[in-house]
Amino acid sequence: MQIGLVGLGKMGGNMRERLRNAGHTVIGYDTNPELSDVDHLSDLVDRLERPRAVWVMVPAGAVTQHVIDQLCSLLKHGDVVVDGGNSRWTDDEKHAKELGARGIGFVDAGVSGGVWGLKNGYALMVGGDEEHVERLKPIFDALKPDGPYGYVHAGRVGAGHFAKMVHNGIEYAMMQAYAEGWELLEKVDSVDNVREVFRSWQEGTVIRSWLLDLAVNALDEDQHLERLRGYAEDSGEGRWTVEAAIDNAVPLPAITASLFSRFTSRQEDSPQMKMVAALRKQFGGHAVEAAEKA
């Protein structure tokens, strides 16, 4: 299958490579000419055969809106756009309406996999009309992990990003639990090998997970996380999850508390946020801040 891919950063660049490895033709555009296959977005559209499919993989908000606006004027009736960034589900409804007015289909895709997706595949949660989703199925099949899991048509437009938002909210809470346990272990005098305690949990325990494996990776690189500042950003999706919980009267005490814990890192060098920052770097390649030298 042929597809255009807009945005060739950490996620988009690896997705292009995985799709090409699966035999698909990918024409990529990025504002960084060193990454891009074409000079302009219009060139990407011109090189695609109709009906066209274009996957957008750029930061949520104004940047995504700008790309959608451009594609709305460049694409034609029967083409389809996928937003694979971390857009808010309410934006999906707006984008679907804007594109639909010109006969252009729209699919939202929540994508999880971070810097490991090229090798392991990407978990995909998609929303949209059945006809548009089915047309893109070869692309989804190439991006997802091998085996029966890792892909779901979650529902109508907005459902993919809503599902990914909840996924990230759960991720917040899981990372916070590991971070709190790590800080407590580091605090007491009786435990003198916290890293190996974490490693011992990787087999045979009910709390084993890929996040735990990544925590061990981080501790192997920096046993006491002394090189990190206790600061961790929040991507915005944790906030959206809490807001959606309020709108729907669904209690989310663990996820809400984990979001508020991120805010503690704005105020001080939080030990727990060292672990959260380390985990975010491990799975997503997110930037970390170095600890200040004494």
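Owing to the predicted nature of the structure, the values given are computational and were not obtained by experimental measurement. In this chain, numbering begins with 1 at the start of the sequence shown.
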Practice prompt. Would you sort out whether Arg47 and Asp37 count as a salt bridge (charged side-chain N to carboxylate O under 4.0 Å, His left out), showing the intermediate values?
Written response: CA-CA 11 Å; Arg47 285 180 55 179; Asp37 300 320; over 6 Å; no
Sub-4.5 Å side-chain heavy-atom contact between [X] and [Y]:
X	Y	value
Leu48	Leu44	yes
Leu71	Val56	yes
Ser258	Met175	no

Discussion item. Working to the nearest 0.5 angstrom, can you tell me the gap between Arg102 CZ and Leu74 CG?
Written reply: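 It is 9.0 Å, given to the nearest 0.5 Å.
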Item to complete: Please round to the nearest 0.5 Å and tell me the distance separating atom NE2 of His95 and atom OG1 of Thr90.
Response: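 One gets 9.0 Å once the value is rounded to the nearest 0.5 Å.
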Fill in: Under 3.5 Å side-chain donor-acceptor pair for Asn14 and Lys10
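The criterion, which ignores hydrogens and geometry beyond distance, is not satisfied for Lys10 and Asn14.
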Worksheet item: Taking 4.0 angstrom as the limit, do Lys94 and Glu98 come out as a salt bridge?
Response: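 A salt bridge is present here (some side-chain N lies under 4.0 Å from a carboxylate O).
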Discussion item. Check this for me, if you would: do Lys274 and Glu186 make a salt bridge, where the nitrogen-to-carboxylate-oxygen distance has to be below 4.0 angstrom?
Written reply: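 Between Glu186 and Lys274 there is no salt bridge, as every charged N stays at least 4.0 Å from the carboxylate O atoms.
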Fill in: Polar side-chain atom of Arg50 near backbone of His77 as donor-acceptor pair, under 3.5 Å
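Such a contact is found between Arg50 side chain and His77 backbone.
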Discussion item. Between Arg18 and Met15 (side chain of the first, backbone of the second, donor and acceptor by atom type, cut-off under 3.5 Å), is there such a pair?
Written reply: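 It does not hold such a pair.
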Practice prompt. For Tyr151 and Lys137, work out which heavy atoms get closest and say how close.
Written response: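 Reported closest heavy-atom pair: CE2-CE, 3.6 Å.
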